Amino acid sequence: MDNVFSFIKKSRPKLKAGDYFYYHINNKNYLGVIIHTHLQKNLKENTAVVCLFLDYTFDDVKDISTETIIKKILDRDLLMPPIIINKRGWTHGFFCNIGCIELDILQPTLAECRFSTNGGGYMYDFLNYVPVKDATYGKLIGTTGLYTYEGVESLLEISLDLDFNPAVPHGSWYDPYRYYDDIMKKYPSVELPYWYYKAAKRLKNK
């Protein structure tokens, strides 16, 4: 099915910031980039991994351009907000590491990443995971919740206009971007990302 992850191969990589990986959904290969591997200090290394899922497809690995990866991040050309995930995407064989880039040139952009508590009441920065009082780019505001690959899959299905995986429940409670509503009360100048509107249209709960 084109609306779920395709199996690639199982692995247990030692993840590090700058690693990029691919996954297959929507009959295409897409890229993701790891930008942090130890966001929450109370958890073990590689347990809370921060990723950017880029709006970047390719046909063959040799076609991948690291310059394009960097430009995609600088342009905030994403399919979902920065997201904290565990390693099940790799251990279950849906994510596959294929390279690594230097993140130095990206630090000013990465420093703009924010993580909101589920209620939107507090904002944390990406680099140090400490409370901050500013937020600029809606595309760079994620939540502090930890996602599995199934949760990532559901967010991609929203952004790519795919049917939901029937094996994953999505009841009336499902509203992954509800936190933006609270953010807008505190940061009204933040531009809501397109996935917020897609979720609102599909879920009809805003």
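Just so it is clear, the model here is predicted, and its values are computed rather than measured.
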Which value, rounded to the nearest 0.5 Å, describes the distance between [X] atom [atom1] and [Y] atom [atom2]?
X: Met184; Y: Tyr179; atom1: CE; atom2: OH; value: 13.0 Å
X: Ser11; Y: Lys87; atom1: OG; atom2: NZ; value: 8.0 Å
X: Tyr187; Y: Ile141; atom1: OH; atom2: CD1; value: 8.0 Å
X: Glu112; Y: Arg76; atom1: CD; atom2: CZ; value: 5.0 Å
X: Ile64; Y: Leu31; atom1: CD1; atom2: CG; value: 4.5 Å
X: Leu155; Y: Ile83; atom1: CG; atom2: CD1; value: 5.0 Å

Are side-chain heavy atoms of [X] and [Y] found at a separation under 4.5 Å?
X: Leu203; Y: Pro176; result: yes
X: Leu156; Y: Asn26; result: no
X: Asp77; Y: Tyr56; result: no
X: Tyr147; Y: Val49; result: no
X: Phe94; Y: Val152; result: no
X: Leu160; Y: Tyr30; result: yes

Any idea which heavy atoms bring [X] and [Y] closest together, and the distance?
X: Trp195; Y: Tyr180; result: NE1-OH, 3.2 Å
X: Val168; Y: Ser154; result: CG1-OG, 4.0 Å
X: Leu140; Y: Thr109; result: CD1-O, 3.9 Å
X: Arg88; Y: Thr91; result: CA-OG1, 3.2 Å
X: Phe115; Y: Thr143; result: CD2-O, 3.4 Å
X: Ala17; Y: Cys100; result: O-SG, 4.1 Å

Please walk me through it: do Ile25 and Leu162 pass side-chain contact (heavy atoms from CB on, under 4.5 Å)? CA-CA 10 Å; Ile25 195 171; Leu162 303 175; 4.1 Å; yes
Got a salt bridge between Lys185 and Asp182, using NZ or NE/NH1/NH2 to carboxylate O under 4.0 Å? yes
Does a side-chain N-to-carboxylate-O contact under 4.0 Å join Lys72 and Asp55?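 The answer is no: the pair does not qualify as a salt bridge.
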Could you go through Ile183 and Met123, starting from their C-alpha distance and side-chain angles, then the distance that decides it, and tell me whether this counts as side-chain contact (heavy atoms from CB on, under 4.5 Å)? CA-CA 9 Å; Ile183 287 171; Met123 200 78 70; 4.1 Å; yes
Could you check Met80 against Tyr177 for side-chain contact (heavy atoms from CB on, under 4.5 Å), going step by step and ending with a plain yes or no? CA-CA 10 Å; Met80 65 179 72; Tyr177 298 129; 4.0 Å; yes
Tell me if the [atom1] atom of [X] is crowded by more than 12 foreign heavy atoms within 6.0 Å.
X: Ile105; atom1: CD1; answer: no
X: Glu191; atom1: CD; answer: no
X: Asp59; atom1: CG; answer: no

From CA spacing to verdict: ring-ring contact (aromatic ring centres under 6.0 Å, His included), Phe53, Phe21: CA-CA 10 Å; Phe53 283 78; Phe21 59 93; 5.6 Å; yes
In this structure, is the centre-to-centre distance between the rings of Tyr23 and Tyr149 below 6.0 Å? no
Thr136, Asp134, Asp125 screened by side chain to side chain donor-acceptor pair (under 3.5 Å) with Arg114, the one that passes: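 Running side chain to side chain donor-acceptor pair (under 3.5 Å) over Thr136, Asp134, Asp125 with Arg114 returns exactly one hit, Asp134.
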Identified side chain to side chain donor-acceptor pair (under 3.5 Å) counterpart of Asn165 within the set Glu150, His170, Glu157, Glu153: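 Single pass found, and it is Glu153.
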How are the rings of Phe95 and Phe5 set to each other: parallel, tilted or perpendicular (split at 30° and 60°)? perpendicular
Heavy-atom donor-acceptor pair, [X] side chain to [Y] backbone, under 3.5 Å:
X: Asn3; Y: Asp163; result: yes
X: Lys139; Y: Pro193; result: no
X: Tyr20; Y: Thr66; result: no

Given Val50, which of Ile35, Thr37, Ile85 fulfils the side-chain contact (heavy atoms from CB on, under 4.5 Å) condition? Ile35
